[in-house]
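Read through the structure below, which is laid out as structure tokens, and then see the notes.
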There are 2 protein chains.
Amino acid sequence: MPMATINNNGKIQEATCEQELAAIIDSLEILGGKWKLRIMRHLNNHASETNTFKKIQREVEGISSKMLAKELRDLEINLLVTRTVLDTRPVSVSYSITEYGLSVLPVNEVLVQWGLNHRQRLRLS
Amino acid sequence: MPMATINNNGKIQEATCEQELAAIIDSLEILGGKWKLRIMRHLNNHASETNTFKKIQREVEGISSKMLAKELRDLEINLLVTRTVLDTRPVSVSYSITEYGLSVLPVNEVLVQWGLNHRQRLRLS
DNA sequence: GTAACCGGTTACCCCGACGTAACCATCATG
DNA sequence: CATGATGGTTACGTCGGGGTAACCGGTTAC
């Protein structure tokens, strides 16, 4: 039994149950883990600034250069982030959230809401 | 800078950026991983039936009894699922999604939508 | 009594995410 | 020429999620 979903253009997509499962796996793979959403949130919250590698590393608490480089590469591959080499001396590299990357924000928001709500629920129960 | 979120009762909650980060971590911890959402989806899609341990194991493809027992325990601790021992012969145990567990469905849906959309986006690009 | 079904549990293993630390090339400054 | 900043990379180790298989106690059916 296919189910309805809304795509980019607001059109209706049909998806089988297996396709939905695959979609969830994709989402968790691409957005899950310890750092991906933190980085996306940070880039979004500081979208008006120039976010160089070192600046991000200073401001995203606890991340190592190895992890930051890897996560940014993954996000770039998935078109969520752009990498721009600036011709400053010494050379610096700026990362920005793409317009498509903004599509992650609702996912972020739902997870935030559910998590906050869940804390409250457990405290009450 | 606190941000607004909607809680159980539709009231507005304030949360700091760190609280939001913690909330995301919570959500991914409780709903993430390979099996949690699959089980929740299955219980919801078969809410009208009696979902015994073995029945779930047969229908959630690929899960072992060890993982199923662990995941169901976790979900029960988080009040998302109830465990009921039936006095059939031999004894069987039925699991159901709780009313609170239904709050997971929007999270599920957002992940499905984003994943489907992302596949399409990568194919087009 | 033995086979089969139920709902698990236990022991063991593997791999990938993630952490830490050191290192590297390039350029600028003193 | 040494120091510091930039943006990484590499080697190594740890830990936990997850897989596999065997086993268990209780009960019923043959």
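Convention: sequence-line order gives letters A, B, ...; per-chain numbering from 1. This structure is a prediction, so every number in the text was calculated from the model and none was measured.
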Determine, stepwise, if the pair A/T82 / A/E76 fulfils side chain to side chain contact (heavy atoms under 4.5 Å, CB included). CA-CA 6 Å; A/T82 52; A/E76 196 193 355; 6.0 Å; no
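- Heavy atoms of A/S92 sit under 4.0 angstrom from primed sugar atoms or phosphate atoms, though from no base atom.
- Nearest nucleotide to the side chain of B/R83, out of D/dT9, C/dG7, C/dT9: C/dG7.
- Classification of the B/H118-A/Y100 ring pair by plane angle, with boundaries at 30° and 60°, yields parallel.
- In this entry the distance linking NZ of A/K66 with C1' of D/dG8 reads 13 Å, nearest Å.
- Taking the side-chain hydrogen bond (donor to acceptor under 3.5 Å, both in side chains) definition, one finds that A/H42 meets it with A/E59, sequence neighbours left out.
- When hydrophobic clusters are built by joining Ile, Leu, Val, Met, Phe, Trp and Tyr residues whose side-chain heavy atoms come closer than 4.5 Å, directly or via intermediates, A/I97 is not grouped with A/I77.
- Put simply, CG on A/L68 is 14 Å from P on C/dT20, counting in whole angstrom units.
- Taking 3.5 Å as the limit, the base of D/dT6 and the side chain of A/T88 contain no donor-acceptor pair of atoms between them.
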Check the interface with nucleotides 25-28 of chain C: list each N/O to N/O pair with the protein under 3.5 Å, or write none.
none

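- For A/W35, whose side chain is taken as the heavy atoms from C-beta onward, the closest listed nucleotide among C/dT9, D/dG19, C/dG19 is C/dG19.
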Please report the C-alpha distance between B/L111 and B/L37 in whole Å, then the side-chain angles of each, then the deciding distance to 0.1 Å, and finally whether the side chain to side chain contact (heavy atoms under 4.5 Å, CB included) criterion is met. CA-CA 10 Å; B/L111 291 174; B/L37 280 179; 3.8 Å; yes
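- Between B/K70 and D/dG17, a side-chain N or O to OP1/OP2 separation shorter than 4.0 Å is absent.
- Side chain of A/S27 to main chain of B/W114: no donor-acceptor pair is present (N/O by atom type, distance under 3.5 Å, no hydrogens or angles).
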Applying side chain to side chain contact (heavy atoms under 4.5 Å, CB included), run through B/I39 and B/V81 and close with a yes or a no. CA-CA 10 Å; B/I39 294 170; B/V81 150; 5.6 Å; no
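- Atom CG of A/D87 and atom P of D/dG7 are 13 Å apart (whole Å).
- Atoms CG (B/L86) and C1' (D/dG26) sit 16 Å apart, rounded to a whole Å.
- Of all non-hydrogen atoms in B/G32 and A/L28, the two that sit nearest each other are CA-CD1, 4.4 Å.
- Taking atom CD of A/E76 as the reference point, atom C1' of D/dG8 lies 14 Å away to the nearest angstrom.
- Between the C1' atom of D/dG7 and the CD1 atom of A/I63 lies a distance of 14 Å, rounded to the nearest Å.
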Show your reasoning for whether side chain to side chain contact (heavy atoms under 4.5 Å, CB included) applies to A/R41 and B/L21. CA-CA 9 Å; A/R41 284 166 59 86; B/L21 280 177; 3.7 Å; yes
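- Distances from the side chain of B/K34 to the nucleotides D/dT6, D/dG19, C/dG8 place D/dG19 closest.
- Residues from residues 47-60 of chain A lying near DNA chain D, meaning a heavy-atom separation below 4.0 Å, are A/T52, A/F53, A/K54, A/R58 in numerical order.
- Between A/L72 atom CG and D/dG7 atom P the separation is 11 Å, expressed in whole Å.
- Rounded to an integer number of Å, the gap from A/D74 CG to D/dG8 C1' is 15 Å.
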